[in-house]
Each structure stands twice: as structure tokens, then as C-alpha cells.
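Encoded as C-alpha cells, the structure appears first; notes follow it.
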Amino acid sequence: MAQNAEQDTTKTKYFILTYGCQMNVRDSEIIAGLLESSGYMQANSPEDSDIVIFNTCSVRHSAENKAYGKLGEITKMKRKDPRKVIAFGGCMAQLPEVRKRLKKQGVDIVFGTHNIHRLPYLIDQYRIFGESVVEIWDKEGDILEPIPSVRKTGVSSFVNIMYGCNNFCSYCIVPYTRGRERSRHPKDIIREVQQVAETGFKEITFLGQNVNSYGKGLDEKVDFADLLIKCTQIDGIERIRFMTSHPKDMSDKLIDTIAEHDKLCEHIHAPLQAGSNRILQRMNRGYTREHYLELASKMRERIPGVALSTDLIVGFPGEEEEDFAATLDMINRIRFESAFTFMYSVRSGTRAAEFAQQVPLEIKKERLLRLNEVQYQIAVEINHSLVGNTYEVLVEGPSKTDKDKLTARTRTNHIVIFSGPKHLIGELINVRITEAKTFSLFGELV
Ligand code: SAH
Ligand code: SF4
Ligand code: F3S
């Protein structure tokens, strides 16, 4: 015991700051795995750590600003404690203009999205030579298997099935920061899901920028529906979720597969982005509003009780009031269970950044408010319609807002808060919905 404690104080401590999407959450678990297998241990806070690692996002200006703000704080700490090492990685680090700025800010190590496995070497290099280290790969390398990681504890876990994106939506930086689309082999994914199940997780979420095109480019003939079916056979995993679905690639086979298999949750996140065909075309999304409407009604018809969620952008260059009205019209028709709404943010290097007719900030703000108002109303109405019904939920843990209560998730991704004994955490149980608010439902054990 004493020996362990002594060893621990001699270990180098790391702390990871994670921004952005689930891909980054998962990458941070991999970074943690790499560092721990090199003998590092996790610190409780950036203050307490020897190495602070930024895992960043550049999807919108606001995400970059958050990371820069935090970097200011950490460099201040470093001035008091010069031995603290700052490593900066993730999507921002892939961008040359960001790297110029990092150089001035006193970052010690810069690494990209394609070489996170190199981080332990880069840290060693920095510590031996005492000079800043920048290593970015412009292109994706081969997928390295198996991938070590330290998974966040809980009942649900992320599993990558593919990396990168080939779609080049005109507003989006992701294809530049994450490289070309490539799929993991089914056998590697299945092995990982088995391990995740053995560790005690009951739910997995498959991650990819466009899971509907899974399997393209592999030697084996396999598509996303095939992969899902294989994974429903893995014991211990009770629920399978996935994101993101691209509306242009959503096949009938996939819809029927979700309908037929119990373990596949009836929740589909398929970003619409905009409701007007003119804007969809300028966004290079590859579908029309008519296609999306047909797809939405097909999903609602064939998958009983399905919940649809989406992402929407307001103020894309050239968006006129009538285009925006078309977005409102779409959400009124489709009635998404939930929506993530964003103001268009100029990303330099993307095609839309060069478009004329950028929409003034005031108009973007006003449209976002109007959009949110309509969407909140829809979400409240849907939530109210669930009151009185009983749903199977997976209990995730104590509620964040009320420690005496538990929080759980329905198959359709609704959060339900209820009173119950702690030993229910990790269990699938039934709750009856007693009360509804915009974002949460309250219930009681059945
Ligand atoms: N691969 C996913 C989206 C990943 S980015 C898909 O294709 O659906 C997550 C969301 O961020 C996008 O759906 C989009 O709504 C939003 N987004 C991306 N780039 C943006 C930008 N430049 N400005 C505002 N929102 C943006
Ligand atoms: Fe970005 Fe479009 Fe790829 Fe999604 S599909 S990551 S929005 S380029
Ligand atoms: Fe994700 Fe942000 Fe990169 S959304 S892929 S972390 S740009």
C-alpha cells in the first residue's frame, strides 16, 4: 500500500481539456490510455497536473474562443510554475493559422488529429531537448488497431466505426481537420464492443461523421446495417445508438434494420441544416427538402415511436428571410424531438467563407432566437404528450440537478429524472412519466 502511494507521487500527472464533439470525447479516452500505458496518471485539475493537454474543436468560432480563453489561463499558471508542460492537439491544431498563434502563446507541444498515438514520444522529446515540439500530419495515416484507451466510467460508451469525412459541406471545417473518410474493419469494431460489454457497459454509441456510408472502401462487402446486425448479437450490450446519419445516404435497409432489431434504439440524428433548397444546394448537402420530408415520414411510419433529432444552421451566406421561413416550415412539419441550432460561423479555408452576401450578426441572432422559440414550443408539446406513458429507461446515475434523484434515458434519448434506490444505476427498468418540461421529463418507478 505504502509502496503504491510512494510510486504515485513520483508519477507524472496529466489533465485533458476536451472541447467539441463525441469524436473528441473518444479521442481523449485514447490519449488517456496512451499516457497511462506510458506510466502517467490522471490529475484532479490543471493546477495539480504536470502536463495539460488541450483536445480542441474548430467547428465554430465560439469553440475556438473557448480553447484560447482557457489557454490564456493555463499559460498564466505556467508562468508561476514553468515546469508545467502545455500540449495542444485536436482539430484546431490541424489549421496552419492556429499554429502560428500557438507559437506566440508559449505552447510546448503541438500535435494533430492524425498522430495522437505519437503524443507520448512528443512529450519525451520535449522533456529531453527542452525545446517546443510541433508534429502535424497533413494526411490521415492507416487506422492503428488495437487502440488502447481509458474509458470514462458509466453505463454507456462511445465506439468509433469510421474517421474523417468526404462530403465537403461548404460551411464545414471537419474534412480539413479529420481527413478523408475511412472505416474500421468490422472484426476490430466487434472485438472492441465485446471488450466494452465485458467491462460492464450496457449501451454503446457508434460514432462517425456519416455512419450511413460505413463500409465504403473496405475489402469486405459490408454496410452500416450489416454492422449493426452483427453487433446486436453481442451479449451484455442491451442498447445500440449511433450518430451522425447523413440524410442523403439513409437507406431503406437501414430503416428496416432499426425497426426489426430490439437492441437498436429508435432515435435518429439526421442533420437537416436548412429548409430551403437554394441554401441546401449552396451548402453542398446533396439532398432537397422534399427528399428529407419523404425520409422523415418513412422513418416515422416504419419505426414505431421513433424520435428524430437534427442540427440547424441560421444565417448561412445568402440566406434571405424566405429561406429562413422554409427552415421554420420544415421544423413545423417534421416536429423534431430535439434540435441543435447554430449561427453560421465563417471557417477560413472552406468554400462558404468566400461566398458573397454574408449575413449580418444581428440578423443571425434574431433568426436563431425565432428558430429556438418555435423549436422549444414543439419540444414542450412532444414532452407533454408523453406524460402518463410508461417507458423502458437505462439508469445512468445520480441526477446532476438533484443528487437524491436518479437520471435515466429512454430508447428515444429523452432524459427522465425520478426517485429510486442507487442500486438501479446501470439497470434497464420501467418508469411512468408524471411531468414534462422542455428538456427533461420527470417520472416514477413502475
Ligand atoms: N457530420 C455531421 C456534423 C458534424 S459538425 C453531419 O454532417 O451532420 C456538427 C454540426 O455543427 C453540423 O451538423 C452543423 O450544424 C454545425 N456546423 C458545422 N460547421 C458549422 C459552421 N461553420 N457554422 C455553424 N455551424 C456549423
Ligand atoms: Fe461537415 Fe458535412 Fe462532413 Fe458533416 S457531412 S462533417 S457537416 S462536411
Ligand atoms: Fe468534432 Fe469539432 Fe473536430 S465538431 S470533428 S472536434 S471540428
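Whatever order the structure lists ligands and atoms in, that order sets their numbers, starting from 1. Computed from heavy atoms alone, side chains included, the values below leave out hydrogens, waters and symmetry copies.
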For Ile303 and Ala259, the nearest pair of non-hydrogen atoms, with its separation, is CG1-CB, 4.1 Å
List ligand 3 atoms under 4.0 Å from Gln209, heavy atoms only on the residue side. 5 (S)
For ligand 2, which atoms sit closer than 4.0 Å to a heavy atom of Phe168? 8 (S)
Checking salt bridge (charged side-chain N to carboxylate O under 4.0 Å, His left out) against Arg151, which of Glu198, Glu36, Glu192 comes through? Glu192
Does ligand 1 have a heavy atom under 4.0 Å from the side chain of Arg285, from its backbone, from both, or from neither? side chain
Are any of the heavy atoms in Met343 under 4.0 Å away from ligand 1? yes
How far apart are the C-alpha atoms of Asn277 and Glu290, what are their side-chain angles, what is the distance that settles it, and do they pass the side-chain hydrogen bond (donor to acceptor under 3.5 Å, both in side chains) test? CA-CA 9 Å; Asn277 282 339; Glu290 291 76 20; 3.0 Å; yes
For a side-chain hydrogen bond (donor to acceptor under 3.5 Å, both in side chains) check, start with the C-alpha distance between Ser348 and Glu97, then their side-chain angles and the critical distance, and finish with the verdict. CA-CA 9 Å; Ser348 72; Glu97 70 272 14; 3.2 Å; yes
Do Glu64 and Tyr19 pass the side-chain hydrogen bond (donor to acceptor under 3.5 Å, both in side chains) test, and can you show the C-alpha distance, the side-chain angles, and the key distance before you say yes or no? CA-CA 9 Å; Glu64 292 193 346; Tyr19 301 86; over 6 Å; no
Atom 4 (C) of ligand 1 sits nearest the protein heavy atom Gln209 OE1, 3.4 Å
Ligand 1 contact by Val59, heavy-atom criterion under 4.0 angstrom: yes
Give the residue, atom name and distance (to 0.1 Å) of the protein heavy atom nearest atom 6 (C) of ligand 1. Thr244 CG2, 3.8 Å
Short check: any N/O/S atom of Cys169 below 2.8 Å from atom 2 (Fe) of ligand 2? yes
With a heavy-atom distance limit of 4.0 Å, tell me whether Tyr171 approaches ligand 1 through its side chain, its backbone, both, or neither. both
Among all protein heavy atoms, pick the one closest to atom 22 (N) of ligand 1 and tell me residue, atom and distance. Ser345 O, 2.8 Å
Distance under 4.0 Å to a non-hydrogen atom of Pro175: what atoms of ligand 2 satisfy this? 8 (S)
Validate the cation-pi geometry between Arg60 and Phe342: distance from NZ or CZ to the six-membered ring centre under 6.0 Å, angle to the ring axis within 45°. yes
If you scan protein heavy atoms around atom 9 (C) of ligand 1, the nearest is Asp311 OD2, 3.8 Å
By the definition side chain to side chain donor-acceptor pair (under 3.5 Å), identify the one residue from Arg241, Glu203, Arg409, Lys202 that meets it with Ser156. Glu203
Looking at Asp50 and Arg127, is any side-chain nitrogen of the basic one under 4.0 Å from a carboxylate oxygen of the acidic one? no
Which one holds for Pro271 and ligand 1: side chain close, backbone close, both close, or neither close, with close meaning a heavy atom under 4.0 Å? side chain
Heavy atom of the protein closest to atom 15 (O) of ligand 1 (residue, atom name, distance): Gln273 OE1, 2.7 Å
Answer yes or no for Cys57: is there an N/O/S atom below the 2.8 Å cut-off from atom 1 (Fe) of ligand 3? no
For atom 26 (C) of ligand 1, what's the nearest protein heavy-atom neighbour? Residue, atom name and distance, please. Arg60 NH1, 3.5 Å
Filtering Thr177, Leu207, Thr18, Asn24 for the heavy atom nearest atom 6 (S) of ligand 3 leaves Asn24
If the cut-off is 4.0 Å to any non-hydrogen atom of Tyr171, which atoms of ligand 2 fall inside it? 7 (S)
side-chain contact (heavy atoms from CB on, under 4.5 Å) test vs Ile109 passes for just one of Ile86, Leu102, Val134, Leu122, namely Leu122
Numbered atoms and elements of ligand 2 in range of Cys165, under 4.0 angstrom, heavy atoms: 3 (Fe), 5 (S), 6 (S), 8 (S)
Verify whether one side chain among Glu337 and Asn413 offers a donor that lies under 3.5 Å from an acceptor in the other. no
Considering only protein heavy atoms, which is closest to atom 1 (Fe) of ligand 3, and at what distance to one decimal place? Cys21 SG, 2.3 Å
Any salt bridge between Glu135 and Arg118, counting N to O under 4.0 Å? yes
Does Val174 come within less than 4.0 angstrom of ligand 1, counting non-hydrogen atoms of the residue? no
Shortest protein contact, atom 3 (Fe) of ligand 3 (heavy atom only): Cys91 SG, 2.2 Å
Does the cation-pi check pass for Arg101 over Tyr68, that is, NZ or CZ under 6.0 Å from the six-membered ring centre and within 45° of its axis? yes
With a cut-off of 4.0 Å, which atoms of ligand 2 are near a heavy atom of Val174? 6 (S)
Glu381 and Gln377 side chains, donor-acceptor separation under 3.5 Å: yes
Classify the ring geometry of Phe206 against Phe224: parallel below 30°, tilted from 30° to 60°, perpendicular beyond 60°. perpendicular
Less than 4.0 angstrom from a charged side-chain N to a carboxylate O is my criterion; do Asp226 and Lys221 meet it? no
Going by the atom numbers of ligand 1, which of them fall below 4.0 Å from some non-hydrogen atom of Arg347? 22 (N)
At a 4.0 Å threshold, what atoms of ligand 2 neighbour a non-hydrogen atom of Cys172? 1 (Fe), 6 (S), 7 (S), 8 (S)
Among the heavy atoms of Arg285, does any lie under 4.0 Å from an atom of ligand 2? yes
Tell me, please: is Arg178 in heavy-atom contact with ligand 3, that is, under 4.0 Å? yes
Starting from the C-alpha separation in whole Å, work towards a yes-or-no answer on side-chain hydrogen bond (donor to acceptor under 3.5 Å, both in side chains) for His269 and Thr244. CA-CA 6 Å; His269 183 71; Thr244 299; 4.8 Å; no
Tell me whether Lys364 reaches ligand 1 (any heavy atom closer than 4.0 angstrom to a ligand atom). no
